[in-house]
K.L.:
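The following block contains the structure, expressed as structure tokens.
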2 protein chains.
Amino acid sequence: MTRRTPTGAAVLQPTVTQAITEAVLDELAEQGYARLSMEAVAKRAGVGKSALYRRWSSKQEMAISVISEFSMEQVTVPDTGSLRGDLRAALDTLMKWLTHPRFSRIMPDLVAEVARNPELGEAVETLVGMPKRERVAAMFQRAIDRGELPQDTDLELALDLLAAPLYWRLVVRSAEPDPAYMDNLTDALLRSLTNPS
Amino acid sequence: MTRRTPTGAAVLQPTVTQAITEAVLDELAEQGYARLSMEAVAKRAGVGKSALYRRWSSKQEMAISVISEFSMEQVTVPDTGSLRGDLRAALDTLMKWLTHPRFSRIMPDLVAEVARNPELGEAVETLVGMPKRERVAAMFQRAIDRGELPQDTDLELALDLLAAPLYWRLVVRSAEPDPAYMDNLTDALLRSLTNPS
DNA sequence: TATGGACGATACGGTACCGTCCCATCGAGA
DNA sequence: TCTCGATGGGACGGTACCGTATCGTCCATA
């Protein structure tokens with residue numbers, strides 16, 4: 001009943017897995033989620049289709065697995081000591097994220113596909129949305145502790161105000177990342193958060 | 001050389017065209033742009049594939065044509081007399097737009113597809129983005145004329161701040177349209193636009 | 001040195017489409 | 001009444017995939 005562990009070269013090779021992962025991400029960026037093809041992935045990775053099905057049992061499983069593991073360089077939100085500095089740093093980080101050649105091309109497809117694919121939605125939310133929101137929430141909490149923001153600051157709204165404009169501009173409207181725009185956006189954010197109604 | 005106009009029943013029937021258009025939009029909402037299929041459209045419209053190819057020469061042409069004509073009920077931005085009133089009304093209108101059962105399901109796909117399909121991008125920009133932005137810009141201009149906003153208000157930024165948060169929340173994060181959220185968003189927008197830096 | 005499963009390659013049956021073509025039928029206007 | 005092209009239906013060749021199966025080869029460890 002108990003299978004002894006395989007020996008010798010008879011074990012999944014990490015370099016092959018890596019090549020496949022890269023190919024999936026490239027194909028995803030190039031063709032989109034709906035047009036992802038096992039044959040194209042295998043060809044691009046220089047690998048037999050067998051290598052794919054030895055690791056995952058279906059296309060959907062492979063795609064979700066690869067996307068889940070795609071974390072990118074850790075996105076940090078530095079503690080600059082002031083809300084303005086933190087805000088600007090967070091915006092810069094977010095912009096780097098949204099202009100990352102791979103991520104920026106894959107993200108819109110995922111957003112569209114998630115509406116039809118709850119399983120994919122889970123993967124995206126858990127590994128892209130959640131950790132990021134937590135870090136930014138911590139940033140706002142620091143500002144509250146410093147007295148720069150009122151105790152009853154609406155964190156949900158603050159998070160949206162921070163992330164939405166850049167996403168809208170870079171991804172939806174695909175406009176260029178004007179540096180002056182970033183300054184104006186930072187100012188506008190500060191005003192909307194700190195001034196009394 | 002000159003073909004005389006056809007007579008009798010030998011003319012494209014508007015009711016058939018309408019049925020096809022509806023079917024395309026339904027399929028687009030259900031399956032997405034990449035998975036749109038001529039066979040499915042014909043079946044859904046209760047129509048032969050011939051009827052499709054009699055009107056358009058390819059799938060791409062059909063899709064773009066239908067999307068271009070899909071205008072929705074005219075989106076108006078009422079003149080309430082105050083910036084706050086106009087802002088809130090514009091947000092309500094935008095929300096109605098983004099929760100419209102058909103539009104909200106088609107939009108994310110278009111955003112994703114536009115990155116790979118410049119021709120489609122043109123259609124979307126011309127018939128969805130542009131007219132809407134013009135109307136909102138007029139709204140801001142009224143506020144400037146009334147003295148509620150400074151002369152040098154950054155209209156580009158203002159437009160982004162208005163549209164982005166709702167799009168982000170409703171489409172990208174697919175959260176619920178909390179009514180209190182709308183009030184807080186209105187306040188935040190007012191602060192970011194009107195208070196001095 | 002023997003082993004056992006991963007490896008690339010490829011054939012396979014099955015399904016889903018695209019775009020073309022042909023058909024018999026229909027019906028509003030000349 | 002006659003005309004002529006639109007109509008729904010569907011066969012067709014061609015392509016692209018999915019997921020399975022079957023090769024002979026390779027190789028790190030027991």
Side-chain angles (χ1 to χ4, degrees), chain A residues 1-24 26-28 30-66 109 113 116-117 119-120, chain B residues 1-24 26-28 30-66 109 113 116-117 119-120:
Chain A
M1 231 46 193
T2 49
R3 284 189 94 49
R4 58 200 180 77
T5 55
T7 67
V11 81
L12 292 177
Q13 300 216 344
T15 86
V16 172
T17 304
Q18 185 56 30
I20 297 174
T21 301
E22 292 295 309
V24 169
D26 283 345
E27 283 291 312
L28 231 36
E30 213 167 89
Q31 304 290 336
Y33 191 97
R35 283 188 257 260
L36 185 66
S37 129
M38 297 301 261
E39 249 124 17
V41 167
K43 190 172 181 180
R44 181 166 217 142
V47 144
K49 269 207 297 181
S50 348
L52 273 51
Y53 284 99
R54 239 171 253 128
R55 288 166 173 77
W56 304 280
S57 65
S58 71
K59 187 168 79 160
Q60 156 102 346
E61 197 184 303
M62 178 188 76
I64 289 186
S65 156
V66 168
D109 267 298
E113 192 67 18
R116 286 179 212 97
N117 195 330
E119 207 176 337
L120 177 63
Chain B
M1 231 52 201
T2 47
R3 284 188 93 50
R4 58 199 179 76
T5 53
T7 66
V11 80
L12 292 176
Q13 302 216 342
T15 85
V16 172
T17 305
Q18 185 56 29
I20 296 174
T21 301
E22 293 295 309
V24 169
D26 283 345
E27 282 292 312
L28 232 36
E30 211 167 272
Q31 303 290 337
Y33 191 96
R35 282 188 259 261
L36 185 66
S37 130
M38 296 302 260
E39 249 125 17
V41 168
K43 189 172 183 182
R44 180 165 219 144
V47 143
K49 269 206 294 179
S50 347
L52 272 52
Y53 284 100
R54 239 172 253 126
R55 286 165 174 78
W56 304 280
S57 65
S58 71
K59 186 168 81 161
Q60 157 102 344
E61 197 184 303
M62 179 189 77
I64 290 187
S65 157
V66 168
D109 267 297
E113 192 66 19
R116 285 177 211 99
N117 195 331
E119 207 176 337
L120 177 63

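In what follows, chains carry the letters A, B, and so on, assigned in the order in which the sequence lines appear, proteins first and then strands, with residues in each chain numbered from 1.
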K.L.:
Show me, pair by pair, the donor-acceptor contacts under 3.5 angstrom made by side chains of residues 9-17 of chain B, not counting sequence neighbours?
P.N.:
from	atom 1	to	atom 2	distance (Å)
B:Thr17	OG1	B:Gln13	O	3.3
B:Thr17	OG1	B:Arg55	NE	2.8
B:Thr17	OG1	B:Arg55	NH2	3.3

K.L.:
Could you give the CH2-to-P distance, from B:Trp56 to C:dT20, as a whole number of Å?
P.N.:
15 Å
K.L.:
In this structure, how many angstroms lie between the C1' atom of D:dG8 and the CD1 atom of B:Ile20, rounded?
P.N.:
11 Å
K.L.:
Taking atom C1' of D:dG10 as reference, at what distance in whole Å does atom CG of B:Leu52 sit?
P.N.:
15 Å
K.L.:
Can you name the atoms? Protein N/O to nucleotides 9-17 of chain C N/O, anything below 3.5 Å, with the distance.
P.N.:
from	atom 1	to	atom 2	distance (Å)
C:dA9	N6	A:Ser50	OG	2.6

K.L.:
For A:Glu113, which residues count as a salt bridge (charged side-chain N to carboxylate O under 4.0 Å, His left out) partner, sequence neighbours excluded?
P.N.:
A:Arg116, B:Arg35
K.L.:
How long is the line joining CZ of B:Arg55 and C1' of C:dG19, in whole Å?
P.N.:
17 Å
K.L.:
Applying salt bridge (charged side-chain N to carboxylate O under 4.0 Å, His left out) as the test, list every pair that has at least one member in residues 14-24 of chain B; sequence neighbours left out.
P.N.:
B:Glu22-B:Arg102
K.L.:
Taking the minimum atom-to-atom distance to the side chain of B:Gln13, which one of D:dA6, C:dG19, D:dG8 wins?
P.N.:
D:dA6
K.L.:
With sequence neighbours left out, write down each residue that passes salt bridge (charged side-chain N to carboxylate O under 4.0 Å, His left out) with B:Glu61, or none if nothing qualifies.
P.N.:
none
K.L.:
Return yes if some donor-acceptor pair links the side-chain N/O of A:Lys59 with the main-chain N/O of A:Leu36 below 3.5 Å, else return no.
P.N.:
yes
K.L.:
Output the rounded distance in Å from CG (A:Leu12) to C1' (C:dG8).
P.N.:
15 Å
K.L.:
State which residues pass salt bridge (charged side-chain N to carboxylate O under 4.0 Å, His left out) with A:Glu39; sequence neighbours excluded, sorted by chain then number.
P.N.:
A:Lys49
